[in-house]
2 protein chains.
Amino acid sequence: MIVKALKKGHSLQTEDGRELLGPDATKGERTRVRILDEAVAVASEGGVGAVTLGPLAERLGMSKSGLFAHFRSKEALQVDVLKRAAERFTEVVIAPIREEKDKPKRLGLFFSNWLDWLEHPSLGAGRGSCPVMAAYFEFDDVPGPVRDQAAEHSAQLYDLIRKLARIALPEADEDAVAATIDGLALSHLMRFRLMRDGKARAHTMKAFDALLKNPPLKDA
Amino acid sequence: MIVKALKKGHSLQTEDGRELLGPDATKGERTRVRILDEAVAVASEGGVGAVTLGPLAERLGMSKSGLFAHFRSKEALQVDVLKRAAERFTEVVIAPIREEKDKPKRLGLFFSNWLDWLEHPSLGAGRGSCPVMAAYFEFDDVPGPVRDQAAEHSAQLYDLIRKLARIALPEADEDAVAATIDGLALSHLMRFRLMRDGKARAHTMKAFDALLKNPPLKDA
DNA sequence: GAATAAAACGAACGGTCGTGCTATTCTTCT
DNA sequence: AGAAGAATAGCACGACCGTTCGTTTTATTC
């Protein structure tokens, strides 16, 4: 069974349009999602490379082969883990900003949500960090479908940032602004999780506010 | 035999002060460095976690057990790989900025060198990226000596950036500046290596120049 | 050059990994 | 309720992993 992620509506659905997780979902579809959610938690703690069949099956109370049957291969599982994590990201970070009707303010809301996501990932119970971001660096030089998936997600996210920047700061150079914002999030994760810097958020927000106030201008 | 890395002089030496690599170095010391250099190349391509004994030994034309004998464990090897990579970083990125006698200009030189390092790591032959940066995200939630080493290096580097920022931009908030610069380097690596964005450097430098022109100020 | 120490090897171990098979249990649909 | 099909379990395999051990080769020291 092939499942695809939708860009809008933040839900998974099968090829024929039925919702996963809903009561009309098939047994296999439901456990499939259960597996992926647990796998995202594992990936949050040890990276996508740490998503391994045996231990994952044990965490779920099922057999390794039973789990394996849901995915053609481990690589396919890892790709789906990334997709599922991106889904979560959309739900938690991107979707809520639509409630802000003052569109120029959406950039700040997006960034704030992003930091929340990095500090308190809904999965991993405080012991994990964003698996997608980790995959950016884990697979950046490892060719294969996992790398491709990570690259696609990073490109989509980067486009979104540019778009939000264009609306919020019409006179700014959107590429330079996006580079700075993207970097602030990456650096924030590093300072917060690796260095355990309690002031990480304050420093990140100060830099972000300064960027909004004096952004790089076009043709400067 | 215990080897320690020096912060100054960018060379390895043994506990009794003899230089490694010099003609008076012992056989074991020389091959030890050879192993680490090759291991850094491997780590550049696949991350520190990809440093594995068998394939590494084969690349070096030696036996797995002979290689293993140089390190008490695989973890110790990985830690030393990180140390060696940090050594290289010091040689290529940090040491040369001392030649700039106009100290405020050192920040820009440092950043430029950093981007050079990320784009053309002396090891990995174009197929690898900075292993230390990758380790930041690979091990940020994996307790152990490898994580500790990565954390220590990130803290040292972050301190250096703050110090350079303080000299270059005395009126600026050094923490916010450091966060932005650190982030720009991380984001640059992502755009250059994962997204293969040919314009990455131009965008990064534009953002950096804008930061120097309008940095976040203290107590703003 | 002989004695001693260091370094490298080869083979083997226990363990874990991903992946095929076949059989069994459970859903789902008529 | 029963047939058809999906989902899961059990088991085995080959490959690779880190590590150990005893032996052999190579450096170093006297």
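Lettering follows sequence order; numbering is per chain, from 1. Everything numeric in this text was worked out from a predicted model, so none of it was measured.
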Spacing between Arg34(B) atom CZ and dA8(C) atom C1', to the nearest angstrom: 11 Å
Interatomic distance, Leu67(B) CG vs dC9(C) P [rounded to whole Å]: 9 Å
Proximal nucleotide (of dC17(D), dG10(D), dA8(C)) relative to the Ser65(A) side chain: dG10(D)
Any Thr26(A) side-chain nitrogen or oxygen under 4.0 Å from OP1 or OP2 of dA6(D): no
dA6(C) phosphate, OP1 or OP2, under 4.0 Å from Lys27(B) side-chain N/O: no
Side-chain touch Arg106(B)/Ile167(B), heavy atoms, less than 4.5 angstrom: no
Sugar-phosphate, base or nothing in reach of Ala69(A), heavy atoms under 4.0 Å: base
Interatomic distance, Leu56(A) CG vs dT16(C) P [rounded to whole Å]: 16 Å
Heavy-atom check, side chain of Leu36(A) versus side chain of Leu77(A), under 4.5 Å: yes
d(CZ, Arg30(A); C1', dT28(C)) in whole Å: 11 Å
Which nucleotide in dA7(C), dT19(C), dC9(C) has an atom nearest any side-chain atom of Met62(B): dC9(C)
Shortest side-chain distance from Lys64(A), nucleotide among dG18(C), dT28(D), dT19(D): dG18(C)
Ser63(A) vs dG10(D): side-chain N/O to OP1/OP2 distance below 4.0 Å: no
Nearest-nucleotide pick for His70(B), side chain only, options being dA8(C), dG18(D), dG20(C): dA8(C)
side-chain contact (heavy atoms from CB on, under 4.5 Å) between Arg88(A) and Asp37(A), worked out: CA-CA 10 Å; Arg88(A) 292 292 204 109; Asp37(A) 280 341; 3.7 Å; yes
Length of the CD-C1' vector between Glu58(A) and dC17(C), whole Å: 14 Å
Separation between CD1 of Ile35(B) and CE of Met62(B), rounded to the nearest 0.5 Å: 4.5 Å
Rounded distance in Å - CG (Leu53(A)) to P (dT8(D)): 15 Å
Interatomic distance where NZ belongs to Lys74(B) and C1' belongs to dT19(D) [whole Å]: 12 Å
Out of dT8(D), dA8(C), dT19(D), whichever nucleotide has its closest atom nearest the side chain of Thr31(B): dA8(C)
Reported CD-to-CD distance for the pair Gln149(A) and Gln78(A), which is rounded to 0.5 angstrom: 12.0 Å
For atom CD of Glu29(A) and atom C1' of dA6(D), their distance in whole Å: 11 Å
